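Have a look at the structure below before the remarks.
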Amino acid sequence: MSFKPDLKYSDATPESVFLNRRSVIAGLAGAGLLGASPLRAQDMPDFTLNGYDTTEEANTFEEISSYNNFYEFGTDKGDPARYAEALTTDPWSVEIDGLVERPGSYDLADILAKVDIDERIYRFRCVEAWSMVIPWNGFELNQLLSLAGVQPSAKYVRFETLFRPEEMRGQRLPLLDWPYVEGLRLDEAMHPLTIMATGVYGKDLPNQNGAPLRLVVPWKYGFKSIKSVVKVTLTDEQPINTWKATNFREYGFYSNVNPEVSHPRWSQASERRIGGGIFASRIATLKFNGYESLVGDLYAGMDLSENY
Ligand SMILES: Nc1nc2c(c(=O)[nH]1)N[C@H]1C(S)=C(S)[C@@H](COP(=O)(O)O)O[C@H]1N2
Ligand SMILES: [Mo]
């Protein structure tokens with residue numbers, strides 16, 4: 001299956017990102033790095049000129065919607081596809097509160113009328129060391145935050161998934177401390193790579209992928225990309241995210257993809273690309289999942305093994 005974008009968004013690409021990208025290429029050419037010596041993937045991530053999309057082959061819709069982590073429906077990779085149909089996603093609203101100018105309940109239809117839906121072909125790397133390439137549809141989270149108006153004192157964003165055990169059968173079990181919670185630092189949340197996804201392959205998001213609205217932060221491990229979001233809170237304190245609360249030795253707040261920092265029980269240096277077949281060799285995991293040129297600055301001066 002090849003992805004045919006409905007929307008072209010190169011027009012909307014922030015010029016700074018585009019120019020930045022070109023100067024990286026020019027710099028490499030000037031230094032004689034293009035041509036002569038082979039570039040390592042981490043030096044030259046394979047983005048298209050919009051600066052965001054990977055040119056790697058996308059996973060199929062079938063793969064994306066049948067191999068999932070969504071513990072609200074069970075822990076087996078097939079459980080979400082099996083059981084998430086029970087979730088009612090319309091009507092849907094998002095409560096935005098905390099350090100915002102206009103707190104309140106935002107109807108999803110009203111939100112969607114005010115934001116720009118893009119398509120973004122992103123790498124997606126689970127902390128369990130499997131990965132996919134997913135053509136999302138969605139809008140930048142910074143657009144949602146602008147609707148509510150971020151107060152100057154806000155430093156973090158906290159997200160919450162729906163709690164509805166009648167429809168989410170996994171929530172009847174103590175698999176995690178419900179509702180699922182995630183968080184980002186405000187600069188991470190405002191970054192143009194950070195999106196709220198509403199679809200894949202130009203279709204509405206399958207329920208198992210976090211319909212009708214889920215976060216996608218492509219340079220972080222998949223568990224940061226919280227699904228079926230109903231609440232967004234601006235705070236001045238670092239939120240306690242579910243997986244960190246469950247096991248802080250294994251899962252942190254930052255959770256940036258990092259091949260140099262092992263999970264206590266496995267290496268993060270390589271990953272298995274879903275769809276590659278059982279004989280496919282593992283591929284190298286890239287720092288910040290290949291987005292280092294776009295997000296590395298956010299962590300300047302930070303010890304990334306301490307802030308895992
Ligand atoms: N609410 C909620 N969000 C969640 C999860 C979850 O169990 N519950 N799993 C996370 C994990 S571990 C991963 S890898 C991704 C999986 O997203 P996908 O199924 O769309 O590939 O969702 C993340 N978001
Ligand atoms: Mo994950």
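Indexing begins at 1, ligand by ligand and atom by atom, following the structure's order. Computed from a prediction, not measured in an experiment: that's the story for all the values here.
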Working for side-chain hydrogen bond (donor to acceptor under 3.5 Å, both in side chains), residues D116 and Q143:
CA-CA 8 Å; D116 307 308; Q143 296 195 349; 2.9 Å; yes

Quick one: list whatever passes salt bridge (charged side-chain N to carboxylate O under 4.0 Å, His left out) with [X], sequence neighbours left out.
X	value
E188	K220
E237	none
R185	D187

Is the count of non-hydrogen atoms from other residues, nucleotides or ligands lying under 6.0 Å from E250 atom CD greater than 12?
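Buried by this count: over 12 neighbours within 6.0 Å.
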
List ligand 1's nitrogen or oxygen atoms that come under 3.5 Å of a protein nitrogen or oxygen, with the partner atom and distance.
from, atom 1, to, atom 2, distance (Å)
ligand 1, 1 (N), E72, OE2, 2.9
ligand 1, 1 (N), T161, OG1, 2.9
ligand 1, 3 (N), K227, N, 3.1
ligand 1, 7 (O), Y71, N, 2.8
ligand 1, 8 (N), E72, OE1, 2.8
ligand 1, 9 (N), N69, O, 3.2
ligand 1, 17 (O), R214, NH2, 3.1
ligand 1, 17 (O), K227, NZ, 3.4
ligand 1, 19 (O), N68, ND2, 2.8
ligand 1, 19 (O), K227, NZ, 2.7
ligand 1, 20 (O), N209, ND2, 2.9
ligand 1, 20 (O), R214, NH1, 3.0
ligand 1, 22 (O), R214, NH2, 3.4
ligand 1, 24 (N), S225, O, 2.9

Between E128 and R265, is the closest basic N to carboxylate O distance under 4.0 Å?
no

